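What follows is one structure encoded as structure tokens, with my remarks underneath.
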Amino acid sequence: MKHQFPEGFWWGSAASATQFEGAASEGGKGPNIWDHWFSQQPNRFFNGVGPEVTSDFYHRMETDIELMQATGHNSFRTSISWSRLFPDGGNEVNPEAVDFYHKMLDKLDAAGIEPFINLYHFDMPMALQEQGGWESREVVKQFSRYARFCFEEFGSKVNHWFTFNEPVVPVEMGYLYDAHYPNVVDFKRAVQVGFHTMLAHAGAVSEFRASEAQGKIGIILNLTPSYPRSQHPADLRAAEVADLLFNRSFLDPAVKGEYPQALVELLREHELLPECQGDDLSLIACQRIDLLGVNYYFPRRVKARESLPNPEAPMLPEFFFDHYEMPGRKINPHRGWEIYEKGIYDCLVNIRDNYGNIDTYISENGMGVENEERFIRDGEVDDQYRIDFIKDHLRWVHRAIDEGCHCRGYHLWTFIDNWSWCNAYKNRYGLVRLDLKTQQRTIKQSGHWFRELALNNGFDG
Ligand code: BG6
């Protein structure tokens, strides 16, 4: 069967500054939390590989953009590094960074690749983390200033802006599960961080509306549909709470301008409500997005708790539910994530039915595989598994579009193998293989296939 996509569909990939630019202490860049954490605890990173060099895009930007062309990109998302642009977090702009991002945007334009630019991808400047990071309202204000600068400086070259990528991840990983800096485990502080992030988002959208920048602005959310083990009311409630905490905590305020009442009640009941000032909620109410990026990797399956929470342990979201492993589930063993293709359709249909069918696109989807060199044949990675993974998801995206969902594109995670935070280069996600020792780039089979996919605006099968 032919899967043809609507005209003008966005085909491309996503990356982020910290994960692929490298030059972490070059070009006038200041340290961010990743540079700092690695200097303190290199053992927390796979094989002790840190963020200094990564995929060296900073030095290879021109030829890398040619590789994007060669792999069929008509669009590409990356982030601006806040600590490259403002090394001290906010006062002095770094002219080398301004120059670099202008050159990148010009090169993308010359290559016929539409830039999608995101402002924050997990990478708080260290100078601002020292002021409290997202726990501080001063940092929220600094984010607005940073955003305004970007809109004014680069606005004439960018039509698609995003404030945050997966804002719930720094909340979970940095303030609940000890997996990102600052390694705090405290539910109440996590909720405050989440609220301030949303406030920073709304502040940036408001700066965008006040600026002369054209185009659209949105947010990128990792939507993990919450499936209950059964239709038993206790399992249903477990899924509802997981959905409120991990999806609706950002989705509702970003798209509808308000928090779900059920989330407010849950937080109030457990004395977790964040501090909120005078106009905060009206700012959020007024600054709704134009475009939603949906990152989809895996579903979240939950069941009612099977034991009482340990009263000695710090309270975590798992106070409300247990994780559930569905028998017979398909899994990517390298990342430990379930593969459930229909989840991408469920996300899009949910947006159609419950969020006004706002414009969306798949802003990330992908498969990380360890030891990919074992699949090298005739010098190229033969990653048929990745091609199958993409097709299996695209069939569901196609069906969602057929059924009226406004999904405008598909971006793979990622363009070239890049640095996956604490997993560093363990799992490879790229359309292009990176040889870490030589920095040599080689297009994988999936890269050639992706080019055909984009040229044909669809695929057979
Ligand atoms: C998304 C992030 O969560 O998933 C990326 O936006 C990340 O930054 C990607 O790299 C894949 O996850 P991981 O942890 O395997 O790198």
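Order of listing sets the numbers, starting from 1, for every ligand and every atom in it. The figures that follow rest on heavy atoms only: side chains count, while hydrogens, waters and symmetry mates do not. Please read all numbers here as calculations on a predicted model, not as lab measurements. Throughout, residue positions are numbered sequentially from 1 according to the sequence presented.
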Does [X] have its ring centroid less than 6.0 Å away from the ring centroid of [Y]?
X	Y	result
F86	F149	yes
F57	H59	no
F187	F319	no
W134	F143	yes

Minimum-distance protein heavy atom relative to [atom]:
atom	value
atom 14 (O) of ligand 1	R335 NH2, 2.8 Å
atom 9 (C) of ligand 1	Y297 OH, 3.5 Å
atom 16 (O) of ligand 1	S420 OG, 2.6 Å
atom 2 (C) of ligand 1	E364 OE1, 3.4 Å
atom 10 (O) of ligand 1	Q19 NE2, 2.9 Å
atom 3 (O) of ligand 1	E166 OE1, 2.6 Å

task = Ignoring angles and geometry beyond distance, decide whether Y429 reaches within less than 3.5 Å of ligand 1 through its nitrogen or oxygen atoms.
result =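 Yes: some nitrogen or oxygen of Y429 is under 3.5 Å from one in ligand 1.
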
message = Checking K256 now: which residues fulfil salt bridge (Lys or Arg N to Asp or Glu O under 4.0 Å) with it, not counting sequence neighbours?
response =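 Counting only residues at least two positions away or on another chain, K256 forms no salt bridge (Lys or Arg N to Asp or Glu O under 4.0 Å).
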
inquiry  = When you measure from the heavy atoms of N165 to every atom of ligand 1, does any distance fall below 4.0 Å?
reply    =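 Heavy atoms of N165 do come under 4.0 Å of ligand 1.
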
request  = Indicate yes or no: at least one non-hydrogen side-chain atom of I33 is less than 4.5 angstrom from one of P182.
outcome  =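 I33 vs P182: side chains apart.
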
ask   = Do T163 and I217 touch side chain to side chain, with heavy atoms closer than 4.5 Å?
value =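 They are in side-chain contact.
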
ask   = Of the choices W419, F20, W421, W337, which has the non-hydrogen atom that lies closest to atom 7 (C) of ligand 1?
value =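 Result: the heavy atom closest to atom 7 (C) of ligand 1 is in W421.
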
query = If you count the atoms of ligand 1 from 1 in the order shown, which ones are under 4.0 Å from a heavy atom of H121?
reply =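 Counting atoms of ligand 1 from 1, those under 4.0 Å from H121 are 2 (C), 5 (C), 6 (O), 8 (O).
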
